[in-house]
Q: 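Take a look at this one; I'll ask things after.
What you see is a predicted model, and the numbers here were worked out from it, not measured in a lab.
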Amino acid sequence: MGLYNNSIKSKRILFARNGTITTFLILFALATLFPIYFMTISSFGDPVEAGAMSYSIFPSKISFESYKFFFEFSPHSWDWLLNSFVVAVSVTISNVFFATLAGYAFAKMKFKGKNVLFAILLGSMMIPGQVTQVPLYILIVNIFNLQNTYTALIMPSLVTVYNIFLVKQFMSSIPVEIIEAAKIEGCSQPKIFWHIIMPLSKTVMAVLAILTFMSAWNDFFWPFLVTNTMEMQTIQVGLKNFRFANTTYFAPMMAGATISAVPMFILFFSLQKYFLEGVTVGAVKG
């Protein structure tokens with residue numbers, strides 16, 4: 001009887017604990033999804049000023065006028081989306097390519113000064129990004145005179161140290177015997193990288209693509225610094241044009257934000273299989 005009572009008590013404790021965890025996760029999910037829900041719902045309001053906007057959770061009516069207003073308000077609305085797409089895609093491709101190359105070199109190749117160079121790269125990750133913005137701006141704008149160009153928007157983000165570190169940690173788990181066998185068969189380093197390493201690294205490359213695209217697409221501060229005309233602004237910078245000193249076109253701004261979120265959802269759900277498999281690749285011990 002005592003064992004039976006203890007078993008019932010243990011089940012009740014386990015049920016209560018699981019119920020608490022489930023409740024917490026549901027509340028956390030709702031808190032995470034609520035900004036997206038509010039942004040989407042607000043985008044279906046009328047294109048009126050913020051002072052006349054009713055910030056209600058449930059809309060009284062559904063209207064697409066704000067989406068129409070978003071594209072008619074400025075002749076550069078399509079330019080903002082195109083600029084964001086060009087910058088995000090370019091930065092994503094360059095990061096995936098160069099980070100994969102560098103990660104492979106640090107993980108599997110032997111060269112003089114490798115450990116010192118990698119330590120310097122890791123040390124640079126400790127420097128806050130805000131500290132480098134001023135010298136980077138002087139370099140891009142004053143020295144190279146590249147302000148208001150795609151080069152200025154793309155060049156500083158061609159490859160990041162974090163992505164190199166992530167790939168290096170992943171490739172450290174690839175058995176070295178595979179590479180040695182390829183060398184015995186007469187494969188050169190480019191062939192090994194292209195035909196062996198890259199197919200084995202699809203997971204980490206997908207993770208890099210998602211994280212880098214989201215970061216580049218959502219970036220506001222750097223595009224705001226190096227662009228001074230509306231036709232070269234990205235979508236995140238362009239949305240500020242809906243806010244003035246005494247008024248804000250709230251619903252059209254939310255419509256633009258909703259439109260800007262669509263590519264990220266498409267990318268994530270198309271690569272979520274690889275993302276979920278590789279979300280912990282940075283924790284792989286080399």
Side-chain angles (χ1 to χ4, degrees), residues 36 39 67 70-71 74-104 129 132-133 136-137 140-141 144 146-167 170 193-194 197-199 201-241 255-279 281-282:
I36 300 175
M39 174 187 69
Y67 287 89
F70 171 76
F71 290 105
S74 171
H76 303 294
S77 298
W78 287 107
D79 293 333
W80 301 339
L81 292 170
L82 177 62
N83 294 338
S84 290
F85 183 78
V86 170
V87 172
V89 170
S90 300
V91 170
T92 299
I93 293 175
S94 66
N95 268 270
V96 171
F97 180 72
F98 290 119
T100 305
L101 282 174
Y104 171 68
T132 62
Q133 294 299 305
L136 188 60
Y137 177 82
I140 294 294
V141 175
F144 292 128
L146 295 174
Q147 188 173 20
N148 215 46
T149 62
Y150 282 126
T151 304
L153 292 169
I154 297 172
M155 184 182 293
S157 304
L158 284 176
V159 65
T160 64
V161 178
Y162 174 77
N163 287 342
I164 295 175
F165 172 75
L166 191 67
V167 176
F170 177 86
F193 176 78
W194 185 259
I197 298 301
M198 287 192 69
S201 303
K202 289 181 179 179
T203 299
V204 71
M205 292 169 68
V207 173
L208 289 186
I210 293 174
L211 298 180
T212 304
F213 186 91
M214 291 178 63
S215 177
W217 184 273
N218 290 324
D219 190 18
F220 172 83
F221 188 64
W222 180 251
F224 178 70
L225 284 180
V226 297
T227 57
N228 53 21
T229 60
M230 292 184 66
E231 58 265 21
M232 279 304 300
Q233 292 175 348
T234 59
I235 181 63
Q236 308 301 338
V237 180
L239 290 177
K240 73 177 179 62
N241 294 306
T258 303
I259 293 172
S260 70
V262 171
M264 291 184 294
F265 285 120
I266 294 175
L267 179 67
F268 176 78
F269 286 113
S270 62
L271 298 177
Q272 64 174 331
K273 173 185 175 182
Y274 299 103
F275 182 81
L276 295 176
E277 290 178 357
V279 71
V281 292

Q: Please identify each residue that fulfils ring-ring contact (aromatic ring centres under 6.0 Å, His included) with Tyr150, with sequence neighbours left out.
A: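 Here no residue qualifies.
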Q: For the side chain to side chain contact (heavy atoms under 4.5 Å, CB included) test, which of Asn95, Val91, Thr100 pairs with Val159?
A: Asn95
Q: Please identify each residue that fulfils side-chain hydrogen bond (donor to acceptor under 3.5 Å, both in side chains) with Thr212, with sequence neighbours left out.
A: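 Only Asn163 meet the side-chain hydrogen bond (donor to acceptor under 3.5 Å, both in side chains) criterion with Thr212.
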Q: Measure from the side-chain N and O atoms of Ser157 to the backbone N and O of Ile154, and report whether any donor-acceptor pair falls under 3.5 Å.
A: no
Q: Does atom CZ of Phe85 have more than 12 heavy-atom neighbours from other groups under 6.0 Å away?
A: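 Atom CZ in Phe85 is not packed in, count stays at 12 or less.
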Q: ring-ring contact (aromatic ring centres under 6.0 Å, His included) with Phe97: which residues, sequence neighbours excluded?
A: none
Q: CZ of Phe220: more than 12 outside heavy atoms within 6.0 angstrom?
A: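 Yes, CZ of Phe220 has more than 12 neighbouring heavy atoms, counting only those of other groups under 6.0 Å.
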Q: If you measure from CG on Leu225 to CG on Leu136, what distance do you get to the nearest 0.5 Å?
A: 9.0 Å
Q: List for me each residue that meets side-chain contact (heavy atoms from CB on, under 4.5 Å) alongside Met230, sequence neighbours excluded, and say none if there are none.
A: Ser74, His76, Trp80, Gln233, Asn241
Q: Answer yes or no: is there a side-chain heavy-atom contact under 4.5 Å between Gln236 and Asp219?
A: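 A side-chain contact under 4.5 Å is absent here.
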Q: Give me the atom names and distance for the closest heavy-atom approach of Ile197 to Ser201.
A: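 Closest pair (atom of Ile197, atom of Ser201, distance): O-OG, 2.7 Å.
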Q: Please report the shortest heavy-atom distance between Ile235 and Ser260, naming the atom on each side.
A: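 Smallest interatomic distance, heavy atoms only, reads CG1-CB, 3.7 Å.
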Q: Over all heavy atoms of both residues, which pair between Thr227 and Met232 is shortest? Give the atoms and the distance, please.
A: CG2-O, 3.4 Å
Q: Are Thr149 and Phe144 packed together at the side-chain level, in the sense that at least one heavy-atom pair is separated by less than 4.5 angstrom?
A: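 They are not in side-chain contact.
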Q: Testing Thr92, Val86, Val87, Ile93 one by one against Ser90 for a side chain to side chain contact (heavy atoms under 4.5 Å, CB included), which residue passes?
A: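 The single option meeting the side chain to side chain contact (heavy atoms under 4.5 Å, CB included) with Ser90 is Val86.
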Q: Tell me if the CE atom of Met214 is crowded by more than 12 foreign heavy atoms within 6.0 Å.
A: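 Atom CE in Met214 is not packed in, count stays at 12 or less.
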Q: Using side-chain hydrogen bond (donor to acceptor under 3.5 Å, both in side chains) as the criterion, list what pairs up with Tyr162, not counting sequence neighbours.
A: none
Q: Are Phe265 and Ile36 close enough, and set up right, to give a side-chain contact (heavy atoms from CB on, under 4.5 Å), and what steps lead you there?
A: CA-CA 11 Å; Phe265 285 120; Ile36 300 175; 4.1 Å; yes
Q: Is the Tyr137 ring parallel, tilted or perpendicular to the Trp222 ring (thresholds 30°, 60°)?
A: perpendicular
Q: Once side-chain contact (heavy atoms from CB on, under 4.5 Å) is applied, do any residues pair with Ser215, and if so which ones, sequence neighbours excluded?
A: none
Q: At what distance, to the nearest 0.5 angstrom, does CG of Leu146 lie from CD1 of Ile140?
A: 5.5 Å
Q: Would you compute the distance between atom CD of Glu231 and atom CG of Leu82 and round it to the nearest 0.5 angstrom?
A: 12.5 Å
Q: What closest approach, in Å, do Ala209 and Leu267 show between heavy atoms, and which atom pair accounts for it?
A: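 Looking at all heavy atoms of both residues, the closest pair is O-CD2, 3.9 Å.
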Q: I'd like to know if the side chain of Trp78 and the backbone of Phe71 have a donor-acceptor N/O pair within less than 3.5 Å.
A: no
Q: Where do Leu81 and Trp217 come nearest, in terms of heavy atoms and distance?
A: O-CH2, 4.2 Å
Q: Which pair of non-hydrogen atoms, one from Thr234 and one from Ser84, has the smallest distance, and what is that distance?
A: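 Smallest interatomic distance, heavy atoms only, reads CB-OG, 3.2 Å.
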